[in-house]
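What follows is a short report on a single structure.
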Amino acid sequence: MTQYTNSGSKDTRSGFGEAMLELGRTNPEVVVLCADLTPSMKLEAFSKEFPERFIQTGIAEANMICIAAGLTIGGKIPFTGTFANFSTGRVYDQIRQSVAYSDKNVKICASHAGITLGEDGATHQNLEDLGMMKMLPNMTVINPCDFNQTRAATLAACNHKGPVYLRFGRPKVPNFTPADQKFEIGKALILSKGMDVSIFATGHLVWKALEACRMLEEQGISSEVINIHTIKPLDEEAVLASVGKTRCAVTCEEHQMNGGLGDSIAQLLARKCPVPVEMVAVKDSFGESGTPEELMKKFGLDTADVVNAVKAVLARK
Amino acid sequence: MFAPAKKIDNLIAVIDFNGKQIDGPVDTVMPLGNLRAKFEAFGWEVTDMDGNNIPEVLNVLNKVKSITGQGKPNMIIMHTHMGYGVDFMMDNHEWHGVPPTNEQAARALSQLPETLGDY
């Protein structure tokens with residue numbers, strides 16, 4: 001398999017913060033809105049350097065989304081910043097009506113997604129956001145896997161015209177994709193080629209999938225690891241090309257099984273190429289308080305779970 | 001709006017008003033203006049109290065209880081200091097979401113006579 005090295009673990013939200021500072025310096029239309037989470041969203045540097053383009057809305061997320069939608073009319077490119085929990089369910093009506101239906105150029109940037117939020121517990125661990133956002137027409141949904149990719153995805157979201165939901169997280173995780181990568185929205189990345197099984201992973205699970213691939217290789221199983229950083233539009237061509245070869249699939253995500261990446265891939269395969277599919281995802285439960293590592297293990301999102309899912313799908317092939 | 005409209009007058013609500021939020025003082029992040037006047041405009045009976053003064057808290061709770069049943073819901077604006085009595089925490093918004101280390105917790109508890117022996 002292709003080898004990947006962790007160049008030093010970093011949090012994906014810091015990749016977002018770094019890209020926002022760069023966008024502030026290069027694009028005068030970029031405006032940032034934040035609902036009382038400036039340091040958590042890594043937006044302190046932007047807020048200090050561009051105070052006239054930083055809008056503190058207070059804890060009023062619905063207002064923030066509507067102000068952002070309005071700003072687009074004058075040609076601004078607004079980025080809203082709060083946690084995934086407050087970026088989606090809390091403001092779904094405002095996003096649906098004022099952003100998605102109106103096709104406004106708003107970038108909804110959501111940190112602290114999933115159970116790796118950790119100690120803050122179930123109330124803040126949003127595991128439904130990808131599903132809610134991918135169901136909205138006009139919405140592009142992006143879930144990068146590490147610091148470098150989050151930085152690149154943020155820059156790409158700015159250049160994309162239309163609503164974007166950009167999801168990232170809180171903990172420090174391996175940083176292994178190239179610092180100078182070009183991020184192409186909707187284009188899946190084959191990280192390692194293989195013949196026996198296709199592993200489609202997104203977000204923090206991409207590194208776990210690569211670890212699983214290495215363990216499987218030692219056991220004589222050749223897996224193809226594909227990074228689906230864009231949940232919507234799904235790169236159907238890449239999925240079908242890989243599964244056409246391997247004839248089975250495992251999906252991996254830090255999200256509910258209902259409504260997530262696995263759901264999108266299973267739907268595609270049911271229509272175009274029915275093969276066995278296994279899903280590594282949260283199975284219809286809320287999260288809980290714990291360290292990210294403890295929770296990934298408890299909720300079945302660890303490397304061993306990917307390995308087991310591969311074995312299960314191979315047995316059904 | 002609902003409570004005054006339906007004359008829910010056996011209701012006592014309390015706001016823990018410490019004037020701080022994650023990004024800083026409420027007056028800097030998004031000022032609330034005159035909170036008392038806002039609740040009064042919505043039809044509430046409003047009482048202010050010092051929430052860090054326990055005898056006053058007991059006194060005001062009893063007093064407000066005695067004025068229930070008069071056609072209006074009751075709001076107590078409880079003025080407090082976040083991290084009260086702990087020199088390195090008091091009135092500092094940076095402690096909003098940060099758990100103390102064991103050492104910091106010991107230091108904090110040692111400054112609060114009412115918590116000594118509780119842990």
Side-chain angles (χ1 to χ4, degrees), chain A residues 11 13 17 20 32-48 50-51 54-68 80-87 90 109-112 116-125 169-171 288-292 294, chain B residues 1-3 13-42 44 46 51 75-84 86 88-109 119:
Chain A
D11 47 348
R13 58 180 163 150
M20 287 319 302
V32 171
L33 300 95
C34 188
D36 191 33
L37 284 170
T38 312
S40 302
M41 294 299 299
K42 302 295 176 189
L43 288 168
E44 275 175 310
F46 185 99
S47 71
K48 288 202 174 95
F50 307 102
F54 179 80
I55 302 172
Q56 167 68 266
T57 65
I59 310 172
E61 292 82 2
N63 204 22
M64 175 171 74
I65 295 292
C66 292
I67 294 169
T80 66
T82 182
F83 294 167
N85 204 36
F86 313 130
S87 291
R90 185 167 166 79
C109 305
S111 183
H112 293 52
T116 53
L117 163 59
E119 292 83 348
D120 287 7
T123 55
H124 285 50
Q125 289 161 342
R170 179 194 207 184
E288 65 179 65
S289 183
T291 66
E294 285 168 348
Chain B
M1 208 155 88
F2 180 88
V14 181
I15 295 177
D16 181 359
F17 191 35
N18 67 22
K20 296 282 183 285
Q21 56 189 107
I22 298 185
D23 276 4
V26 173
D27 280 341
T28 310
V29 176
M30 185 58 60
L32 291 171
N34 188 335
L35 199 55
R36 182 186 182 101
K38 284 177 176 170
F39 276 102
E40 284 173 344
F42 272 71
W44 290 67
V46 182
M75 177 63 73
I76 299 172
I77 301 179
M78 184 171 74
H79 299 269
T80 57
H81 293 275
M82 164 180 184
Y84 184 77
V86 178
F88 63 96
M89 287 181 171
M90 190 156 154
D91 294 327
N92 181 353
H93 71 268
E94 285 170 18
W95 284 94
H96 174 103
V98 183
T101 61
N102 288 340
E103 189 264 334
Q104 286 168 330
R107 255 172 72 209
L109 293 172
Y119 290 82

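This structure is a prediction, so every number in the text was calculated from the model and none was measured. Each chain gets a letter, A, B and so on, in the order its sequence line appears, and its residues count up from 1.
Heavy-atom contacts from other residues, nucleotides or ligands closer than 6.0 Å to CZ of Phe42(B) number 12 or fewer. Shown here is Asn34(B), whose CG atom has more than 12 heavy atoms of other residues, nucleotides or ligands within 6.0 Å.
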Are there donor-acceptor pairs under 3.5 Å across chain B and chain A? List atom names and distances.
| unit_1 | atom_1 | unit_2 | atom_2 | d |
| --- | --- | --- | --- | --- |
| Gln21(B) | NE2 | Asp36(A) | OD1 | 3.3 |
| Gln21(B) | NE2 | Asp36(A) | OD2 | 2.8 |
| Ile22(B) | N | Asp36(A) | OD2 | 3.4 |
| Asp23(B) | N | Asp36(A) | OD1 | 2.8 |
| Asp23(B) | OD1 | Thr38(A) | N | 2.9 |
| Asp23(B) | OD2 | Leu37(A) | N | 3.3 |
| Asp23(B) | OD2 | Thr38(A) | N | 3.0 |
| Asp23(B) | OD2 | Thr38(A) | OG1 | 2.4 |
| Asp23(B) | OD2 | Gln56(A) | NE2 | 2.8 |

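The side chain to side chain donor-acceptor pair (under 3.5 Å) search around Arg36(B) returns Glu40(B), Asp48(B), not counting sequence neighbours.
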